[in-house]
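All heavy atoms count here, side chains included; hydrogens, waters and symmetry mates do not.
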Amino acid sequence: MSNTKIVIIGAGPAGLTAAYELLKNNKNIDVTIYEETSFIGGISRTVNNNGNRMDIGGHRFFSKSDIVMNFWTNIMSLESDNISAKYNDRVILVRNRLSRILFLNKFFNYPITIDKNLILNLGLFRCIKIAISYIKAIIFPYKNVNTLEKFYINRFGKELYNLFFRDYTEKVWGVKSSELSPDWGAQRVKGLSVYKTIMNAIKPKKINDFRQKDTETSLIEMFLYPKYGPGQLWELVAEEIKNMGGKIYFNYKADSIDIKDNKVVSVSFNNSFLVVDNITYLISSMPIKDLIISMSNNVPKNIYDIAIKLNYRDFITVGILIKNINFKEIKDNWIYIQEPFVKVARIQFFNNWSPYMVKDSSLYYIGMEYMCFENDSLWSKSDDDFIDFAISELKILNIINNDNVVCDSNIVRVKKAYPSYTGIYSKFSKLREYLDSIDNLFLIGRNGMHRYNNMDHSMLSAMAAVKCIINNNIDKSSIWSVNDDDSYHETK
């Protein structure tokens, strides 16, 4: 691979993993990452607000892939009897996972567990209706599963869907489940069902087995977590890349990509302030919509028309430092807010991710998560107004009182945080077919593939792309097979 010039767009988990794996294989190749923003890690970064650290979106370091788990523990030492996080910073912790749903002013287990807590919270009559509707879904399932609504009803029954999935899904995505593709459910819920939830609850647990290979991802009870949040690990990966000869440049937005004979030949950044030519391979984790726009002079009109109509859901997190919480004890990593009378979708408790995320251990640092569309009424609020709005919702939910807020709040906005499975997405296969035909272009990561990947899936897509490049293979099917529920698609 001598005289090989590889350009990577994006310094999130996918782009960083690609650079790391390429240089680990051959330190003599030219690998350069261009990042549009001024920070490492993409949505998996850690935001430091005066010593209080925010994990945007919440990132449990867990994977069914040993390759990914080993990647993380090779970068950071696993906390053990010999390695204490108290005296070492480059440590990844083993954490217990707990997340619940706040609904009807009561806490429900997440995922929903058919147990005594559910019966007490909902009442026996409603639980009987749930059981009947679930049995009905098993006997008479939808055969043509062409919406997320039908996908959920087949998995959980209509009654459970109406209670815990319908309204929350609309809060997150801004559209009804009946307007969403079932692909999102296949990738995020995968094998989860009422049956598997019950079986997981009664099967014997392996003590201190953080790998949990036999556990459905949504049901894991332990995970790894860097001492100072996800951004800490990715900043260390960036250091390793530089030590191996790779380069990372910030505040460079790719805005023009030139293609000739089915190959990328050059990329221009910042309105041609920088032009990189003689490119051997281009690895892109930028949003496909933006990628196609940057290639507009070379793209067929029908492909361009699909790309510009791709939808995204944007994201806002408000970090709030508080003195006390109006609940007896909160051990949750996050709480899903099912209540329809507030806009907040989820609340993170950063203390419970890692005690080192909060400067003063006597205080709580929480993250209130809002999903919105760029330039809608939520997105358009000023920072101060939004923080006041978020605090008011905490009071409405009776989580805090007036005198509990410490004056040290911050807000983070993320555009295109979630690629959406709505509208024109039904024609996405045409986009993929066109982009795959460009021999030296490899798409990776959540936005790069317009797929709602977890962090480990983004890393695996990068590793698959690197294997293609090393083996001079232009067949990209191995990349797209990552996080693809084969059994679901066969049924579909």
Side-chain angles (χ1 to χ4, degrees), residues 9-10 12 14 36 42-43 144-151 169-188 253-259 262 264 267-268 282 284-316 370-380 413-438 441-453 457-458 461 476 479-480 483-484 489 492:
I9 298 176
E36 181 179 350
I43 199 172
N144 181 24
V145 185
N146 57 358
T147 68
L148 183 61
E149 179 179 68
K150 292 178 180 178
F151 175 91
T169 300
E170 186 171 351
K171 182 185 287 191
V172 170
W173 290 103
V175 297
K176 298 181 184 300
S177 298
S178 57
E179 299 175 34
L180 277 162
S181 164
D183 290 7
W184 185 83
Q187 289 173 354
R188 298 300 288 184
K253 176 179 172 58
D255 47 39
S256 181
I257 297 175
D258 192 24
I259 300 169
N262 287 334
V264 174
V267 181
S268 298
L282 175 64
S284 173
S285 65
M286 70 189 290
I288 284 183
K289 182 176 185 175
D290 296 342
L291 176 70
I292 292 291
I293 290 173
S294 71
M295 299 162 58
S296 59
N297 293 333
N298 306 277
V299 178
K301 185 178 184 304
N302 67 311
I303 298 300
Y304 182 85
D305 288 344
I306 294 171
I308 61 171
K309 293 177 184 176
L310 284 176
N311 294 323
Y312 297 83
R313 194 69 163 148
D314 305 293
F315 183 75
I316 299 173
Y370 294 85
M371 289 70 175
C372 58
F373 293 114
E374 187 179 349
N375 299 322
D376 69 10
S377 59
L378 280 179
W379 185 271
S380 300
R413 302 170 190 262
V414 181
K415 296 179 181 179
K416 295 185 175 69
Y418 304 124
S420 179
Y421 292 62
T422 57
I424 203 72
Y425 177 78
S426 59
K427 297 183 179 180
F428 182 78
S429 60
K430 294 182 179 180
L431 273 179
R432 172 186 162 180
E433 182 180 359
Y434 170 75
L435 291 167
D436 281 354
S437 72
I438 303 172
L441 172 64
F442 295 85
L443 307 183
I444 60 173
R446 177 182 284 193
N447 269 331
M449 302 171 72
H450 202 84
R451 176 175 285 184
Y452 197 75
N453 286 329
H457 300 135
S458 293
S461 69
K476 285 86 175 230
I479 305 173
W480 292 101
N483 192 23
D484 191 22
H489 286 293
K492 179 180 173 182

Side chains of [X] and [Y]: does their closest heavy-atom pair fall under 4.5 Å?
{"X": "L310", "Y": "P419", "answer": "no"}
{"X": "N311", "Y": "I424", "answer": "no"}
{"X": "L180", "Y": "W173", "answer": "yes"}

Between [X] and [Y], what is the shortest heavy-atom contact and its length?
{"X": "S461", "Y": "M449", "answer": "CB-SD, 3.7 Å"}
{"X": "S296", "Y": "Y304", "answer": "CB-CE1, 3.8 Å"}
{"X": "G445", "Y": "A14", "answer": "CA-CB, 3.7 Å"}
{"X": "I303", "Y": "K430", "answer": "CD1-O, 3.6 Å"}
{"X": "I43", "Y": "A417", "answer": "CD1-CB, 3.9 Å"}
{"X": "I257", "Y": "M295", "answer": "CB-CG, 3.7 Å"}

With distance as the sole test, does [X] use its side chain to make a donor-acceptor pair with the main-chain N or O of [Y] at under 3.5 Å?
{"X": "T147", "Y": "S181", "answer": "no"}
{"X": "S380", "Y": "S377", "answer": "no"}
{"X": "K476", "Y": "L441", "answer": "yes"}

Between W480 and R451, is a side chain to side chain contact (heavy atoms under 4.5 Å, CB included) present by the stated rule, with each step listed? CA-CA 10 Å; W480 292 101; R451 176 175 285 184; 3.9 Å; yes
Angle class for the Y421/Y425 ring planes (parallel below 30°, perpendicular above 60°, tilted otherwise)? tilted
Mind checking whether Y452 and Y418 have parallel, tilted or perpendicular rings, split at 30° and 60°? tilted
To the nearest 0.5 Å, how far apart are [atom1] in [X] and [atom2] in [Y]?
{"X": "I259", "Y": "N298", "atom1": "CD1", "atom2": "CG", "result": "4.5 Å"}
{"X": "I306", "Y": "I288", "atom1": "CD1", "atom2": "CD1", "result": "11.5 Å"}
{"X": "K416", "Y": "R446", "atom1": "NZ", "atom2": "CZ", "result": "14.5 Å"}
{"X": "E36", "Y": "D255", "atom1": "CD", "atom2": "CG", "result": "9.5 Å"}
{"X": "I292", "Y": "S294", "atom1": "CD1", "atom2": "OG", "result": "7.5 Å"}
{"X": "Y434", "Y": "N262", "atom1": "OH", "atom2": "CG", "result": "8.0 Å"}

Set out, in order, the CA-CA distance, both residues' side-chain angles and the distance that settles side chain to side chain contact (heavy atoms under 4.5 Å, CB included) for I293 and I308, then state yes or no. CA-CA 7 Å; I293 290 173; I308 61 171; 4.0 Å; yes
Take L291 and L443 through the side chain to side chain contact (heavy atoms under 4.5 Å, CB included) test and state the conclusion after the steps. CA-CA 10 Å; L291 176 70; L443 307 183; 3.6 Å; yes
Using the six-membered ring of F315, assess whether NZ or CZ of R413 lies under 6.0 Å from its centre and within 45 degrees of the ring axis. no
